Amino acid sequence: MLFEKILVAVDGSSASTRAVECARKLAKLTDATIILVHAYPKTPEYLGEPNLSETIARHIENARNLIDPLAQSLQEDGIATITEILQGPPSEAILNVADTREVDLIIMGARGLGSLGSLLLGSVSQKVLSHATCPVMVVRSQKE
Ligand code: ATP
Ligand code: MG
């Protein structure tokens, strides 16, 4: 089957929300599994304890609040859905999961939450497009 495993990169932006909706339509057609990926920033060690653990716990909680409702809604549509929350640069997280889970397609937004208005692609989508070994589908938000 052409698209059995579809990775969707989620940062909460309107473009990434559209990426999820594209993935939903495609997964229904191809009976694919969707892997939702979110990366949160690495916390600097110098913060020390208990700040370090608290900051990481907050990042993970935010990530769950972002990803879990999406996963639930996809599952309610009968789509097998896996979630991956990773620490570190988003492009590395996306490329690592794509590699280790041997996904057939990556769907992501053209832009994300950082909005340096005029750029066509954000830095994460640029890096993923440059290095991915599988096809990448890039989705623009409606207002762009
Ligand atoms: P920049 O981050 O370079 O300022 P930007 O935020 O506008 O620019 P990107 O970050 O490249 O653009 O976002 C493009 C897409 O990459 C998003 O729509 C989303 O699909 C994915 N993405 C960005 N950040 C993350 C993240 N932390 N975790 C998972 N996916 C992400
Ligand atoms: Mg960004």
Side-chain angles (χ1 to χ4, degrees), residues 2-47 51-144:
L2 188 52
F3 298 127
E4 241 173 88
K5 284 186 227 163
I6 303 171
L7 185 160
V8 187
V10 178
D11 70 346
S13 64
S14 56
S16 102
T17 304
R18 286 193 85 203
V20 174
E21 293 319 307
C22 282
R24 185 196 301 273
K25 287 183 198 151
L26 200 54
K28 275 188 184 170
L29 285 176
T30 65
D31 201 22
T33 296
I34 290 182
I35 301 155
L36 297 174
V37 178
H38 177 75
Y40 64 90
K42 189 163 166 34
T43 309
E45 302 275 336
Y46 63 72
L47 282 184
N51 306 18
L52 199 59
S53 312
E54 281 168 12
T55 309
I56 294 171
R58 198 162 55 240
H59 279 308
I60 293 175
E61 193 191 336
N62 290 341
R64 291 251 74 99
N65 290 339
L66 178 65
I67 293 270
D68 287 351
L70 294 172
Q72 200 187 335
S73 141
L74 292 168
Q75 279 157 355
E76 280 165 8
D77 252 351
I79 301 165
T81 307
I82 294 167
T83 61
E84 291 254 25
I85 293 170
L86 295 99
Q87 185 187 55
S91 58
E92 285 176 28
I94 294 162
L95 291 164
N96 278 338
V97 174
D99 204 39
T100 54
R101 290 205 181 261
E102 300 181 310
V103 309
D104 309 298
L105 176 69
I106 296 170
I107 308 184
M108 64 193 307
R111 297 300 313 272
L113 289 174
S115 354
L116 272 177
S118 59
L119 291 179
L120 180 65
L121 294 172
S123 61
V124 177
S125 39
Q126 275 185 44
K127 284 183 196 140
V128 172
L129 278 170
S130 312
H131 298 292
T133 54
C134 68
V136 182
M137 184 184 280
V138 178
V139 180
R140 301 190 67 76
S141 87
Q142 244 146 359
K143 50 186 187 301
E144 286 172 323

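Computed from a prediction, not measured in an experiment: that's the story for all the values here. Both ligands and their constituent atoms are indexed starting at 1 by order of listing.
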- prompt: Do any nitrogen or oxygen atoms of Gly114 come within less than 3.5 Å of a nitrogen or oxygen of ligand 1?
  reply: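 Between Gly114 and ligand 1 (N or O atoms, distance only) the closest approach is under 3.5 Å.
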field: Test of proximity, Gly112 against ligand 1: N or O pairs below 3.5 Å
entry: yes
task: Could you grab the distance from atom OG1 of Thr81 to atom CD1 of Ile6, nearest 0.5 Å is fine?
output: 10.0 Å
task: Calculate, to the nearest 0.5 Å, the distance between atoms CG and OG1 belonging to Leu66 and Thr83 respectively.
output: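 Between Leu66 CG and Thr83 OG1, I get 11.0 Å after rounding to 0.5 Å.
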Is the contact between [X] and ligand 1 made by the side chain, the backbone, both, or neither, using heavy atoms and a 4.0 Å cut-off?
X: Ser13; answer: side chain
X: Leu113; answer: backbone
X: Val128; answer: neither

Below 4.0 angstrom from a heavy atom of [X], which ligand 1 atoms are there? Numbered from 1 as shown, please.
X: Val37; result: 29 (C)
X: Met108; result: 15 (C), 16 (O), 20 (O), 21 (C)
X: Ala9; result: 19 (C), 20 (O), 21 (C), 30 (N)
X: Val10; result: 28 (N), 29 (C), 30 (N)

message: Exactly one of Val8, Val103, Ile106 should register a side chain to side chain contact (heavy atoms under 4.5 Å, CB included) with Ile94. Which one does?
response: Ile106
query: Can you find a non-hydrogen atom of Ala39 under 4.0 Å from ligand 1?
result: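 Checking ligand 1 against Ala39, which is what was asked, there is a heavy-atom contact under 4.0 Å.
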query: Quick one: which of Ser141, Gly109, Ser125 has a heavy atom closest to atom 15 (C) of ligand 1?
result: Gly109
query: Checking side chain to side chain contact (heavy atoms under 4.5 Å, CB included) for the pair Leu86/Val37: CA distance, chi angles, key distance, verdict?
result: CA-CA 8 Å; Leu86 295 99; Val37 178; 4.1 Å; yes
message: Please give me the minimum heavy-atom distance between Thr30 and Phe3, naming the atom from each residue.
response: OG1-O, 3.0 Å
query: Can you list every pair that meets salt bridge (charged side-chain N to carboxylate O under 4.0 Å, His left out) and has a residue in residues 69-84, with sequence neighbours left out?
result: Arg24-Asp77, Lys28-Asp77, Glu84-Arg101
Set of side chain to side chain donor-acceptor pair (under 3.5 Å) partners for Ser13, sequence neighbours left out: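 Listed in chain order: Asp11.
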task: Determine, stepwise, if the pair Cys134 / Asp104 fulfils side chain to side chain contact (heavy atoms under 4.5 Å, CB included).
output: CA-CA 6 Å; Cys134 68; Asp104 309 298; over 6 Å; no
